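Source: prediction; values computed, not measured. Chain naming here is simple, since letters A, B, ... match the order of the sequence lines and numbering starts at 1 in each.
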Amino acid sequence: MNHIRVRFAPSPTGNLHIGGARTALFNWLFARHNGGTFILRIDDTDFARSMEESKRGILSALRWLGLDWDEGPEVGGPHAPYAQSERLPLYEKAARELVEKGLAYPCYCTPEELAERRKQAMEEGRAPRYDGRCRHLSQQERIKLEQEGRRPALRLRIPDTGETVVHDFFRGGVAFANEVLDDFIIVKSNGIPAYNFASVVDDAEMQITHIIRAEEHLSNTPRQILVFQALEKPLPVFAHVPMILAPDRSKLSKRHGATSVEEFRDQGYLPDALINYLALLGWSPEGEEEILSLSELVRQFSLERVGKTAAIYDTKKLTWINGHYLNEIDLDRAVELAIPFLQKKGLVPEEIPEDLMVYIRKVVEVVRTRVKTLAEIADASDYFFDDDFTYEEKGVKKHFQKEGVASLLQAAGQRLAGLETFDLETTEEAYRNLSEELGVKAGDIIHPTRLALSGRTMGPGLFDIMVILGKERTLERLERAVKYIRNLQSS
RNA sequence: GGCCCGUUAGUCAAGUGGUCUAAGACACCGGCCUUUCACGCCGGUAACAGGGGUUCGAAUCCCCUACGGGUCACCA
C-alpha cells in the first residue's frame, strides 16, 4: 500500500466532544500504527458558526490527549494552509472545472423558495428533493435571473438512474440509488463551497488515502463519491466508525452532562484514561488486557478490530480506568496534575513554596490510592490543609458518643506526646501498646482518633495521617476532639 | 415519511457454520485481606431482539417483523 495519509477534520463550532475525540484517536492510531501521516484540517466553511475560540479549544484538547498532528494548523505542511477558509481559490478552480465540463450548473432558487417547496413536499408526503428546475436553463434565462439580482448557487448534476456504491471498510458495499440523491449544492450563492464539495476537493488535494469518520457521514458518502468522480480523482478508502450515543441512546448533546474532552479534564480525568476508555469504545484488543497505554494502543490498533455497532458511553468504566491510572502514574506527575484542583478549592495558594510542595506530595501519595479522579483527591484531602474542619455527624454518633472516649483520646495524646521520633512505626507501636494496656481493641482508639484528626470515618491509614500532620498538629487535633466530646456530654 | 446502517448480559465487548452447556472488562452481589475507605484476591447473578428458512449442525448465512440509530440544509 502507498503511504497512508489520514485526516481529522473538525468544524470549529463547539468544543471537542468525545465522539470527535474518538474519531481523531482512531485516525491517529491508524496513522501511527502504519507509519502514516496524520493531518489536522479545520473545516470552517460555515463562517456564521465558526469560532476562533472553538478552534483553539479543539487544538488544545487534542494536545492534552497527546494526539499530535504531522500536518495542520500551527505546524504547517506541504499542503498548507490547513483551514478551509484559507483555501477558497482551490474550490473556485475545481468548481469552474466542473461547470466547464457541464457537470455542475448554476441554480437561482433562493433558500427561502427551496425551504417553501421542501415544506410543501413534506406535507404532501413526497420526498423533499430538489426538483431540478434550474438544470436546463438557457443562457438567456440565466441572464434574466441574474438581472433580477439573483446570485446563483452551484449544483452538481447527478445521474437520474443507476446507483452509487460506497465500499465501506466495515460494512462492505452499500448501494444508494442515484435517483434519491438530488442535485446538491456544491458552492453556496455567497461563493463559499459546501461541505460535500470542499471536503472532497481537500481530501483529493491532500492525497488522503483513508477517510475514517463517524457513521453519520455514511449517507453523505455517495454524494462525495460523485464529486470525486466528477473531479476525476481516485477514491480513498471509506471507513465509517459507529457512533457514540448518550446513555439514553440518543445523539450526544449538552443535556447529557459531560460530553466534551474539556469537561472530563475539568472533572479530574487523566488524558491517559480518557484515551484508553475511548479506544475501547468501538475497538477491542486481541488479548484480555484492557489497560493500554497510548504506545501500546499504537502497537495493537487495527481497523479490522473495530466493530460496527453504536456504543453508549459509560462513565463508570471510565472512572474505574481513571482510578487505575491515577495510581500508576509517577507520583510527581500526579501531584502536578492534582495541584490545580487543590487550588480551585482554595486549599493551597497559587504560589507554592517548596516545603508545602513536599507536604502536598505526601498527601497525594496516601490519598490517591482510594479515589478515582483528581477532583476527588481535592475533596478527600481538605483536612490536611484546613485545621478548621467539622466532624462527620454519623462518625460522632458512632465514635464520639461512646463511654470514656474522651479520656481514651487524652491518654493517646499523652502517649504520642512522649514519643521522641514520630513515624509510622513509633506511632503505631504506641497505639498498640496503649490498647493492650487498657484492655481495649485497637479499633476502639483508632476510629475515634481518625475522626479527631480528619473529621471523617474513612480515609488513608491512620498512622499515615498522623505522620503527615506531624506531632504538633496531631496533638492539637486530639485536644480539640477531647474538648468537643466533653462539651457534647455536658450539654 | 423515503433512503441507509445496526441489534450478544445494565454498559463496553469477544465470537467470521461445529471447540459456545457463549470469553473478558465495568457495574452489581457475596467472601477473603484489613484500623476505616479504597486497592488487591477469590466467587456469584446476568446476554445471542422475535419469527421463518438454508444446513447433519447457526450467535455466526438468507428473508420478514420489531426496535434503535443515522441521513434527507446555500450545517459540517
If pairing requires Watson-Crick or G-U wobble contacts with both distances under 3.5 Å, which nucleotide is the partner of [N]?
| N | value |
| --- | --- |
| B:C37 | none |
| B:C67 | B:G6 |
| B:C28 | B:G44 |

**OP:** Just say parallel, tilted or perpendicular for the rings of A:Phe26 and A:Phe301, cut-offs at 30° and 60°.
**Re:** tilted
Original post:
A:Lys471 side chain to A:Leu419 main-chain N or O, any donor-acceptor pair under 3.5 Å?
Top reply: yes
Nearest to the side chain of [X], which nucleotide is it out of [options]?
| X | options | answer |
| --- | --- | --- |
| A:Glu288 | B:C37, B:C26, B:G24 | B:G24 |
| A:Ala311 | B:C3, B:A27, B:C12 | B:C12 |
| A:Arg450 | B:U35, B:C26, B:G6 | B:U35 |
| A:Phe176 | B:G15, B:C12, B:C3 | B:C3 |

Original post:
Are any of the side-chain nitrogens in A:Lys316 or A:Asp314 under 4.0 Å away from the carboxylate oxygens of its partner?
Top reply: no
**OP:** In plain terms, say whether A:Lys308 and A:Asp168 are close enough for a salt bridge, that is, a side-chain N and a carboxylate O under 4.0 Å apart.
**Re:** no
Original post:
Between A:Gly282 and A:Arg370, which has a closest nucleotide on RNA chain B that is more 5'?
Top reply: A:Gly282
Original post:
Closest heavy-atom contact between A:Val6 and A:Phe30?
Top reply: CG1-CD2, 3.7 Å
**OP:** State, to 0.1 Å, how close A:Thr45 and A:Pro193 come at their nearest heavy-atom pair, and which atoms those are.
**Re:** CB-O, 3.7 Å
Donor-acceptor contacts, no H, no angles, side chain residues 199-206 of chain A, under 3.5 Å, sequence neighbours left out:
residue  : atom : partner : partner atom : Å
A:Asp202 : OD1  : A:Arg87 : NE           : 2.8
A:Asp202 : OD1  : A:Arg87 : NH2          : 3.0
A:Asp202 : OD1  : A:Tyr91 : OH           : 3.2
A:Asp202 : OD2  : A:Gln84 : NE2          : 2.9
A:Asp202 : OD2  : A:Tyr91 : OH           : 2.6
A:Asp203 : OD1  : A:Arg7  : NE           : 2.9
A:Asp203 : OD1  : A:Arg41 : NH1          : 2.8
A:Asp203 : OD1  : A:Arg41 : NH2          : 3.4
A:Asp203 : OD2  : A:Arg7  : NH2          : 2.8
A:Glu205 : OE1  : A:His79 : ND1          : 3.3
A:Glu205 : OE1  : A:Arg87 : NH2          : 2.9
A:Glu205 : OE2  : A:His79 : ND1          : 3.2

Subject >> A:Thr373 and A:Asn322 side chains, donor-acceptor separation under 3.5 Å >> reply: no
Original post:
Taking atom types as modelled and ignoring hydrogens, do the side chains of A:His217 and A:Tyr195 form a donor-acceptor contact shorter than 3.5 angstrom?
Top reply: yes
**OP:** Can you check each nucleotide of nucleotides 66-76 of chain B against protein heavy atoms at under 4.0 Å and return B for base, S for sugar-phosphate only, - for none, in 5' to 3' order?
**Re:** --SSSS-SBBB
Original post:
For RNA chain B, which residues in residues 437-449 of chain A have a heavy atom at a distance below 4.0 Å?
Top reply: A:Ile446, A:His447
**OP:** Would you kindly check whether a donor in the side chain of A:Glu289 faces an acceptor in the base of B:G24, or vice versa, at under 3.5 angstrom?
**Re:** no
